[in-house]
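Report on the following structure.
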Amino acid sequence: MAYTPEKPKLTESSDELRSRIPGWGVDLDPRDRPSVPKEKFDPNLSGAHWTFPERQPERWPRERSVEHRFLTPVFGTSCPPKGISGVIRRHAYRRYSEGRAAHWLLLLAADRVDVAENRVQALLRGRPDNPITESGVLSEFKRHGVASRFGRKRADLSHQPIDVIINVAPWLVVGYVGYRAVRLVTTRRR
Amino acid sequence: MKAMVYRGPYRIRVEEKEQPSIEHPNDAIVRVTRAAICGSDLHLYHGMMPDTRVGMTFGHEFIGVVDEVGPSVRNLKPGDRVMVPFNIYCGSCFYCARGLYANCHNVNPNATAVGGIYGYSHTCGGYDGGQAEYVRVPFADVGPSLIPDWLDDEDAVMFTDALATGYFGAQLGEIAEGDVVVVFGAGPVGLFAAKSAWLMGAGRVIVIDHLDYRLAKAAEFAHAETYNFTEYGDIVVHLKKITEFLGADVAIDAVGAEADGSFVQQVTATKLKLQGGSPVALNWAIDSVRKGGTVSVLGAYGPMFSAVKFGDALNKGLTLRMNQCHVKRQWPRLFEHVRNGYLKPSDIVTHRVPLEHIAEGYHMFSAKLDGCIKPIIVPDGA
Ligand SMILES: [Zn+2]
Ligand SMILES: [Zn+2]
């Protein structure tokens with residue numbers, strides 16, 4: 001009925017819906033919903049007994065967005081930046097605001113470097129990464145992985161072919177570059 | 001203590017990690033009794049969220065027992081059974097004072113555009129999450145609530161994000177009596193949004209997804225009319241046809257970035273990171289809502305740009321509403337709804353996975369094996 005003034009008729013009336021659906025319409029009044037109004041000034045509502053919180057001690061130079069005036073009074077202390085990934089991360093935070101693509105792209109790049117650094121480190125420390133257990137792929141056998149591939153439109157089927165390329169290609173490239181390097185050295189020696 | 005630890009995209013293991021300690025006078029340490037894996041954890045798991053560091057523990061949906069409190073904590077004591085909203089917030093900044101807990105300015109030094117979230121990368125503050133035996137809970141006087149005696153653990157975990165967010169999404173839709181509401185995504189949040197739409201007086205609730213088992217859940221749990229978009233050449237045209245060529249009054253995007261879109265989108269967004277995620281569901285929402293309608297966005301999007309059809313939103317005069325949910329604001333009303341029997345949040349829980357096997361839990365959830373809708377993580381001692 002988009003071409004005439006009336007709203008299309010619903011197949012069920014409000015009364016029918018009320019009888020069929022538990023709780024239908026109990027929050028019908030838009031003004032009586034928990035997030036209405038969106039902003040309501042009430043500083044005493046939350047249980048905070050401070051106007052500015054005490055400050056958590058900064059145990060190492062904590063990276064922060066240049067869009068903050070100072071380090072926020074509370075922050076997470078998981079995984080301080082270290083290694084080459086740490087250098088990239090600190091640079092991304094120091095140099096670029098959140099509005100710049102460079103900020104986020106550098107952080108994503110640092111994430112990939114971080115993974116490589118940790119893979120090597122884990123190997124050296126004698127607790128190497130285990131691609132089988134860490135990928136959780138064993139659940140394929142316990143959780144009907146094969147059956148889920150047929151007729152159920154499994155979520156990851158559309159990109160599984162490229163996953164293989166994306167996951168294997170870097171290793172092939174590294175292998176090839178290594179092979180060429182070794183060849184270069186050995187042929188020069190001769 | 002044992003904790004889930006991120007080792008890189010699609011890689012997770014359980015490690016022995018140092019137990020968290022009080023780092024601020026208003027901190028509490030909570031012994032986790034139940035945690036959940038959330039759809040948005042998959043963004044971290046897939047390595048899409050910037051500054052997700054190896055060694056980090058995920059998990060923003062958890063409940064537990066208070067183990068230790070800092071010197072300035074007044075409202076909690078060891079032994080209290082608590083549910084913790086996924087937002088970390090101070091309670092006193094400009095935003096918190098106005099009820100915008102998700103937008104707190106005092107807890108996330110890494111970014112100003114997003115607040116603090118447990119176990120959600122350094123972009124959200126660098127806090128370790130609750131998929132572990134213990135977790136640090138900042139501003140213990142502000143965030144956590146005692147779990148009422150009549151509320152069981154699995155219902156309580158749903159309160160910490162999925163239920164509150166789904167209900168919030170229906171609110172953002174500004175649903176009026178008799179409105180046609182279409183929800184994209186039949187995951188936990190979409191299911192709760194669809195169910196909540198009825199509470200607010202929707203006249204018709206339609207749920208769109210690509211997995212039949214999730215649509216079956218939407219029909220049964222949320223009384224929704226369901227369509228599998230893979231069965232239609234163009235789901236937007238189909239939605240127009242079934243709404244007399246008007247479109248829905250309200251569209252809710254409960255999918256977020258990395259909706260399983262086209263091959264091209266998979267490559268540009270998921271693999272090459274050229275977009276903050278492929279916004280397929282959001283664009284469907286914009287296209288299928290009627291002119292002058294409201295689009296409510298609940299799905300998680302990263303900080304990077306996405307190819308959103310903004311011109312259509314402009315020309316159609318849409319209202320776009322979105323935020324992370326201010327979880328604790330929703331709780332009193334949601335308690336009532338559960339007590340009155342209008343909602344049974346744990347009905348969507350499909351799997352319980354020991355913390356020890358969390359890598360398999362992630363794989364199962366990510367690949368949607370075994371009819372998985374919502375997996376709950378159970379630590380050993382819990
Ligand atoms: Zn969540
Ligand atoms: Zn705040």
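Small disclaimer: the values here were computed from a predicted structure and weren't measured. Numbers restart at 1 for each chain; the letters A, B, ... are given by sequence-line order, proteins then strands.
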Side-chain donor-acceptor contact under 3.5 Å, Y6(B) with D111(A): no
Heavy-atom proximity to chain A below 4.5 Å, by part of Y167(B): side chain
Interatomic distance, W104(A) atom CH2 to M49(B) atom CE [nearest 0.5 angstrom]: 7.0 Å
Top contributor to chain B contacts, counting heavy-atom pairs under 4.5 Å, from G99(A), P81(A), A92(A): P81(A)
Atom pair OH/CD of Y362(B) and E134(A) - distance to nearest 0.5 Å: 14.0 Å
Chain A contact via R290(B) - side chain, backbone, both or neither, heavy atoms under 4.5 Å: neither
Under 4.5 Å from any heavy atom of chain A - which part of V180(B): side chain
Contacting moiety of E15(B), where chain A heavy atoms sit under 4.5 Å: both
Salt bridge flag under 4.0 Å for residues D129(A) and R11(B): no
Beyond-backbone contact of T133(A) with H357(B), side-chain heavy atoms, under 4.5 angstrom: no
Which portion of D179(B) sits near chain A, non-hydrogen atoms under 4.5 angstrom: both
Contact check, side chains of K38(A) and R321(B), non-hydrogen atoms, under 4.5 Å: yes
Interchain contact, C96(B) with chain A, by part (heavy-atom threshold 4.5 Å): neither
Sub-4.5 Å side-chain heavy-atom contact between L107(A) and H122(B): no
Let me have the donor-acceptor pairs involving side chains of residues 69-78 of chain A, under 3.5 Å, with sequence neighbours excluded, atom names and distances please.
{"from": "T72(A)", "atom 1": "OG1", "to": "V74(A)", "atom 2": "O", "distance (Å)": "2.9"}
{"from": "T77(A)", "atom 1": "OG1", "to": "E23(B)", "atom 2": "OE1", "distance (Å)": "3.2"}
{"from": "T77(A)", "atom 1": "OG1", "to": "E23(B)", "atom 2": "OE2", "distance (Å)": "2.8"}
{"from": "S78(A)", "atom 1": "OG", "to": "D128(B)", "atom 2": "OD1", "distance (Å)": "2.8"}

Contacting moiety of R59(A), where chain B heavy atoms sit under 4.5 Å: side chain
Region of N106(B) that comes under 4.5 Å of a non-hydrogen atom in chain A: both
Side-chain heavy-atom pair E98(A), T112(B) within 4.5 angstrom cut-off: yes
Y95(B), part contacting chain A, at a heavy-atom distance under 4.5 Å: neither
Y45(B) versus chain A, the contacting section by heavy-atom distance below 4.5 Å: side chain
